[in-house]
Amino acid sequence: MRLFVALDLPEDVRDALTAAGQAADPEVWRPVKPESLHITLAFLGERPEEDVEAIAPVVLAESVAPRLELGDVLLLPPRRARVLTVEIHGPLGDLQARVSAGLEAAGVYTPETRPFRAHVTIARLRPRVRPPREAPLALAPIAFAGPSVTLYVSRLHQHGATYQPLVKAPLAQ
Ligand code: 3AM
């Protein structure tokens with residue numbers, strides 16, 4: 001199973017991000033579906049199904065939602081963009097570091113060496129399209145708190161991935 005752990009987004013934030021993704025040129029960008037919008041905390045990659053038992057307590061240990069805010073719209077990677085993203089500002093680093101260390105201690109994850117840059121992917125570049133050099137839009141800042149941390153299984157299809165929640169930890173707001 002292709003697994004990742006993510007912070008979920010409240011509905012008003014998903015609505016704003018969906019509108020932003022749909023406002024980008026549809027010939028260049030394929031917007032992410034509202035139900036698929038999330039902040040990735042740890043991408044575990046292909047794991048055996050029995051690992052879910054070891055991952056669940058790490059996810060369920062989280063209980064408090066950090067206060068966050070939507071930031072700038074950015075192209076990633078900057079020089080040869082594949083995705084259109086929105087930066088997330090605020091104290092998410094501690095939660096991400098706990099999840100990452102917990103997964104490592106459970107023996108199911110090798111933490112990233114790259115620094116964590118919290119973001120939401122709102123659109124993906126269509127195939128055979130030249131990547132633009134500048135983000136095509138801006139976004140009003142919105143304050144929010146993530147409602148839950150979730151372990152997802154990602155299933156790849158011809159036209160993108162679908163995400164199915166396996167373990168969900170609700171967070172106190
Ligand atoms: O939320 P975003 O879109 O940033 O890009 C993938 C997505 O992140 C990322 O995991 C999330 C759910 O698929 N992802 C996919 N393959 C990856 C990899 N090999 C990866 N992240 C790191 N390494």
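Ligands are counted one by one from 1 in listed order, and the atoms in each one are counted from 1 as well. What you are looking at is a predicted structure, and each value in this text was computed from that prediction instead of being measured.
The ligand atoms of ligand 1 that sit less than 4.0 angstrom from a heavy atom of R2 are 15 (C), 16 (N). Residue H38 has at least one heavy-atom neighbour below 4.0 Å for each of these atoms of ligand 1: 1 (O). Shown in contact with E112 at under 4.0 Å from a heavy atom are these atoms of ligand 1, numbered in order with element: 22 (C).
The nearest protein atom to atom 13 (O) of ligand 1, hydrogens excluded, is given as Y163 OH, 3.9 Å; this is a heavy-atom distance. Among protein heavy atoms, atom 1 (O) of ligand 1 sits closest to T40 OG1, 2.6 Å. Scanning the protein for heavy atoms near atom 6 (C) of ligand 1, the closest one is R124 NH2, 4.8 Å. The protein heavy atom nearest to atom 9 (C) of ligand 1 is F43 CD1, 3.9 Å.
For atom 20 (C) of ligand 1, the nearest protein heavy atom is under 4.0 Å away.
Among the atoms of H119, some N or O lies under 3.5 angstrom from an N or O of ligand 1. Considering backbone and side-chain N/O atoms, T121 comes within less than 3.5 Å of an N/O atom of ligand 1.
Minimum interatomic distance between L37 and R14 (heavy atoms only, all atoms of both residues): CD1-O, 3.6 Å. Closest of all the heavy-atom pairs between Q173 and G146 is NE2-O, 3.2 Å.
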From CA spacing to verdict: side chain to side chain donor-acceptor pair (under 3.5 Å), S36, H38:
CA-CA 6 Å; S36 296; H38 63 268; over 6 Å; no

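For the pair E46 and ligand 1, no heavy-atom separation below 4.0 Å is found.
Side chain of H89 to backbone of E87: no donor-acceptor contact under 3.5 angstrom is found.
Between E112 and R114 there is a salt bridge, since a side-chain N of the basic residue sits under 4.0 Å from a carboxylate O of the acidic one.
Rounded to the nearest 0.5 angstrom, L41 CG and L151 CG are separated by 11.0 Å. Interatomic distance, Y163 OH to R155 CZ, rounded to the nearest 0.5 Å: 13.0 Å.
Under the 4.5 Å side-chain criterion, counting only non-hydrogen atoms from C-beta, W29 is in contact with P132.
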